[in-house]
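Computed from a predicted structure; not experimentally measured.
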Protein chains: 2
Amino acid sequence: MTTRKIRMTQQRRFILEELRRIRSHPSADEIYEKVRRRLPRISLGTVYRNLNILTECGMIQRLETGSAQRLFDGDPRAHYHLRCVVCGRVEDAPVEPIIAIEDALRELSDYEIIGHRLEFIGVCPHCNKRDDVERG
Amino acid sequence: MTTRKIRMTQQRRFILEELRRIRSHPSADEIYEKVRRRLPRISLGTVYRNLNILTECGMIQRLETGSAQRLFDGDPRAHYHLRCVVCGRVEDAPVEPIIAIEDALRELSDYEIIGHRLEFIGVCPHCNKRDDVERG
DNA sequence: TTATATGCAAATGATTTGCGTAGTC
DNA sequence: GACTACGCAAATCATTTGCATATAA
């Protein structure tokens, strides 16, 4: 449990800034493209390293997706997500987290429960509209 | 939307059998190792192909994990999971799914909600015991 | 000053795919 | 017999890592 010293480099700051500015939940590659406009010599490896460090520090969150590619969330607070099955986009769900949801399980399981993740699955308005058109 | 004909090959049947027999949620590689005992010439590619086809058919489920590796679940019914943060093991959570959980969001979101996934995070009894020992 | 971080490129690891052959329906 | 699936090996894709150099504290 060595406490590591974190230096605030330009790369790290820009990555964090982009992540906080964007409402969506971008992939490492999307962040790389954004930051590259301001820091043309940054490498993709550096982006990955920083995303991992910032995740470990609890300054950002890493989202699991169905595919191999992960997404990142600049908001470190507990909140739920809403995923579009058609286009894969992930947004924050406009509901507050319900911590009480863990209580029932505490009595029924021999696990020590420390949290939960809830994700809603749906079709976003954009894809919904497009589906209508395609169906005629 | 071409309806594809699915043939029940030995490989496919054995994969399905293993997945249904096992209570845990194995990776493609673990399934490969199990099936290989009965079908020594099966290839890992075939295992992946079948796991994907069975997932598309809704006969099994594919689980997202924090890492790149996916896990598979022989139970196709809607149910929640319980993940150990220490060892990564995933079990079924001993609670019934609550469909009503989606209702609140239907009014608050412009997404067409079609489902949700809930995962509890905790420490399994096995890892909990080990932690105690290590802390002394 | 000195440990931490970077850029680059090569390595990794899980998963997918092309192709010729085998097996199911 | 026709068409799906298989085994094998090579390809792909996201992510990680080794190393020499640069930079924040």
For A/T55 and A/L51, indicate whether the former's side chain and the latter's backbone hold a donor-acceptor pair under 3.5 Å. yes

Gap between atoms CG and P, on A/L54 and C/dA5 respectively (whole Å): 10 Å

Please confirm whether the backbone N or O of B/G45 pairs with a side-chain atom of B/Y32, one donor and one acceptor, at under 3.5 Å? no

Expressed in angstrom and rounded to an integer, what is the separation of B/L51 atom CG from D/dC6 atom P? 11 Å

Integer-rounded Å distance: D/dT15 P and A/I53 CD1: 16 Å

For A/Y48 and D/dT17, what is the distance between atoms OH and P respectively, to the nearest whole Å? 13 Å

For DNA chain D, what residues of residues 27-42 of chain B have any heavy atom nearer than 4.0 Å? B/R41, B/I42

Please report the distance, rounded to the nearest Å, between CG in B/N52 and C1' in D/dT4. 16 Å

Side chains of A/Q11 and A/V47, heavy atoms from C-beta outward: is any pair under 4.5 Å? no

Between B/E64 and the options A/R62, A/R83, A/R117, the salt bridge (charged side-chain N to carboxylate O under 4.0 Å, His left out) test singles out A/R83

Please work out which of the three classes, parallel, tilted or perpendicular, describes the rings of A/H116 and B/F120, given edges at 30° and 60°. tilted

What is the separation between atom CG on A/L44 and atom P on C/dA10, rounded to the nearest whole Å? 15 Å

Any side-chain heavy-atom pair from A/H25 and A/Q61 closer than 4.5 angstrom? no

Between A/S43 and B/Q69, the residue closer to the 5' end of DNA chain C by nearest nucleotide is A/S43

Within 6.0 Å of CZ in A/R21, more than 12 heavy atoms from elsewhere: yes

Before accepting this row, confirm whether a basic side-chain N of the pair B/E112/B/R106 lies closer than 4.0 Å to the acidic partner's carboxylate O. no

Going by an N to O cut-off under 4.0 Å, is there a salt bridge joining A/R20 and A/E17? no

Start at the 5' end of DNA chain D and walk down; is the nucleotide closest to B/Q11 or to A/F72 reached first? B/Q11

Axis deviation across the helix from C/dT1-D/dA25 to C/dC25-D/dG1, five-pair ends, to the nearest 10°: 50°

Counting primed atoms plus P, OP1 and OP2 as sugar-phosphate and everything else as base, spell out the protein contacts along nucleotides 18-25 of chain C at 4.0 Å heavy-atom distance: B, S or - for each nucleotide, 5' to 3'. B----BBS

Walk me through it: do A/E91 and B/Y111 pass the test side-chain hydrogen bond (donor to acceptor under 3.5 Å, both in side chains)? CA-CA 10 Å; A/E91 296 185 24; B/Y111 272 55; 3.1 Å; yes

Spacing between A/E56 atom CD and C/dA5 atom P, to the nearest angstrom: 11 Å

Are A/D73 and A/H79 packed together at the side-chain level, in the sense that at least one heavy-atom pair is separated by less than 4.5 angstrom? yes

Rounded to the nearest Å, what distance is computed from the CZ atom of residue A/R70 to the P atom of nucleotide C/dA14? 12 Å

